[in-house]
2 protein chains.
Amino acid sequence: MVLARIILGLLAIAPMTGYDLKRHFDSTAGHFWTADKAQIYRTLAKLVADGHAEVETVAGSGAPDRQEHRITAAGEAALAEWLASEPERQTERDPFLARVFFGAGLDEDGLRSLFAGRREAVHERLARYEQLRAENSATDRGARLRLVTLDNGIAHLRTELAWLDAAEEELT
Amino acid sequence: MVLARIILGLLAIAPMTGYDLKRHFDSTAGHFWTADKAQIYRTLAKLVADGHAEVETVAGSGAPDRQEHRITAAGEAALAEWLASEPERQTERDPFLARVFFGAGLDEDGLRSLFAGRREAVHERLARYEQLRAENSATDRGARLRLVTLDNGIAHLRTELAWLDAAEEELT
DNA sequence: ATCGCCTAGTCGACTTGTCAACTACTGTAC
DNA sequence: GTACAGTAGTTGACAAGTCGACTAGGCGAT
């Protein structure tokens, strides 16, 4: 459900193919949602079946044909309805924290490498987000809202780094 | 897979019933994982089938019988193996941020109530975590590790509140 | 020329997670 | 005296997400 709405939201910004959507989930939308491409294509098919989107096959110039998906009026209504509805409650799920939680079953070295791996992953993500942040500017309200969610990701990654410092300090 | 390991980890701390596990996911483990009770009972059955846990029926005094699950040696080995294995990569999924991302489709009031709802939910969670934090002390390495993950949750919730302030400020 | 990568999309099998209903007993509040 | 909340567990139907393999053409490098 959420994925269908997010795709609808992306289609509302611009018509896209499943491939384009996948790239968005791997970059601009990656800080709040991810999706497998199989799932993306299936969801697109469902959106079309529900009349929330339309397909137009665009002949690819030197590339495969593109199935451009465009949001319909019904789709826009469904999106607006979702936005105004009660937010779904968040389910926290962090396998890294789970490992730390049970870290007693790990020796000092194992724990250290667990933290080191996390640190690296967070740094990588942070670099990507900051790059993205620098590439975009808040031209209108929509862009400003999108940037603000990116700032959320950046803030949390910085918090994670600070926590890593404190945690490693405390567990010495 | 992760849920099975987390349950194994909890059983390694103390033998438990599915009901006990559910309460843990709703409290002490809730900051890094949640689980539906149907899923918990099914996973427990799988752990028993795999020889990672054993069941013992304890007659309930005035209450229903309890199916106490105890980790086996094989289960402990599986848990240790998981802890030492490559961490699964994190999939960020936040429906609230998704809503903000597409917030252009919402009027000022809708956006305000979206933020207000989040703020309230975060406050509530933070209060729960801080309560938990105050109730527990770091007696040994295991307890220290568990508390440190709780601190992670607290740090992120505080960051979220700060971000909410900044975001609302910026979007005025 | 052949290998790997990018674009673009499809399919089947599978795992994981969610929802709602249902059984069954106890203790407490109204 | 009965309605509700808590303990304890089960089941079926679904929805959501993951993985790997497959087709198919184009482009650049070796």
Side-chain angles (χ1 to χ4, degrees), chain A residues 1-8 11 15-27 29-30 32-50 53 55-69 82 86 88-95 98, chain B residues 1-8 15-27 29-30 32-50 53 55-69 82 86-95 98:
Chain A
M1 252 300 284
V2 178
L3 180 65
R5 301 303 156 211
I6 291 174
I7 288 180
L8 225 37
L11 294 183
M16 285 182 223
T17 66
Y19 199 82
D20 295 333
L21 285 164
K22 177 59 182 154
R23 275 192 284 115
H24 269 99
F25 282 112
D26 290 342
S27 58
F32 65 88
W33 211 268
T34 49
D36 186 84
K37 63 174 178 159
Q39 214 190 338
I40 291 169
Y41 284 110
R42 278 177 197 137
T43 305
L44 274 175
K46 194 183 158 277
L47 286 176
V48 172
D50 291 350
V55 210
E56 188 194 346
T57 304
V58 179
S61 53
D65 289 359
R66 296 163 51 78
Q67 305 260 298
E68 282 261 347
H69 288 74
W82 173 67
E86 269 308 294
E88 33 284 298
R89 66 199 166 303
Q90 177 112 348
T91 50
E92 225 60 65
R93 257 176 208 148
D94 188 334
Chain B
M1 252 299 286
V2 177
L3 180 66
R5 300 305 155 209
I6 291 174
I7 289 180
L8 225 35
M16 285 181 222
T17 66
Y19 199 81
D20 295 333
L21 285 164
K22 179 59 183 155
R23 274 192 285 116
H24 269 99
F25 282 112
D26 290 341
S27 58
F32 65 87
W33 211 268
T34 48
D36 186 84
K37 65 174 177 157
Q39 212 190 339
I40 290 171
Y41 283 109
R42 278 178 196 137
T43 304
L44 274 175
K46 196 185 156 274
L47 286 176
V48 172
D50 291 350
V55 210
E56 189 194 346
T57 304
V58 179
S61 53
D65 289 358
R66 297 165 50 79
Q67 306 259 297
E68 281 260 347
H69 288 74
W82 173 68
E86 269 308 294
E88 33 284 297
R89 67 201 165 302
Q90 177 114 350
T91 50
E92 225 60 67
R93 258 179 206 145
D94 188 335

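Naming convention: chains lettered A, B, ... in sequence-line order (proteins, then strands); numbering from 1 in each chain.
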Original post:
side-chain contact (heavy atoms from CB on, under 4.5 Å) between A:M1 and A:E88: does it pass, once the steps are laid out?
Top reply: CA-CA 10 Å; A:M1 252 300 284; A:E88 33 284 298; 5.9 Å; no

Subject >> salt bridge (charged side-chain N to carboxylate O under 4.0 Å, His left out) assessment of B:R23 paired with B:D26 >> reply: CA-CA 5 Å; B:R23 274 192 285 116; B:D26 290 341; over 6 Å; no

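Interatomic distance, A:D36 CG to A:Y41 OH, rounded to the nearest 0.5 Å: 11.0 Å. Interatomic distance, NE2 of A:H69 versus CG of A:L11, reported as 7.5 Å (0.5 Å rounding).
What separates CD of A:E88 from P of C:dC19 is a distance of 11 Å, to the nearest Å. If you measure from atom OH of B:Y41 to atom C1' of C:dT23, you get 13 Å, rounded to the nearest angstrom. In this entry the distance linking CZ of A:R42 with C1' of C:dG9 reads 12 Å, nearest Å. If you measure from atom CZ of A:R23 to atom C1' of C:dG9, you get 14 Å, rounded to the nearest angstrom. Here D:dA8 presents its P atom at 13 Å from NE2 of B:H69, a figure rounded to the nearest Å. Atom NZ in A:K37 sits about 21 Å away from atom P in D:dA16, given to the nearest Å. Taking atom CZ of residue A:R66 and atom P of nucleotide D:dG26, one finds them 17 Å apart after rounding to whole Å. One can place CG of A:D36 at 16 Å from P of C:dG12, the figure rounded to the nearest angstrom.
The shortest distance between the side-chain N/O atoms of A:Q39 and the OP1/OP2 oxygens of D:dA16 is not below 4.0 Å. In this model, the phosphate group of D:dT7 is approached by a side-chain N or O of B:Y19 to a distance below 4.0 Å at OP1 or OP2. Checking the phosphate oxygens (OP1, OP2) of C:dG9, a side-chain nitrogen or oxygen of A:T17 falls inside 4.0 Å.
Inspection of the B:T57 and B:Q67 side chains reveals an N or O donor paired with an N or O acceptor under 3.5 Å.
With hydrogens and angles ignored, no donor-acceptor pair closer than 3.5 Å exists between the side chain of A:R93 and the base of D:dG17.
Residue contacts shown for A:A35 are absent, as no nucleic acid heavy atom lies under 4.0 Å away. The residue A:R89 sits close only to the backbone: its heavy atoms come under 4.0 Å of sugar-phosphate atoms, none of a base.
Where A:L3 and B:Q67 meet DNA chain D, the nucleotide closest to each residue was compared, and B:Q67 sits on the side nearer the 5' end.
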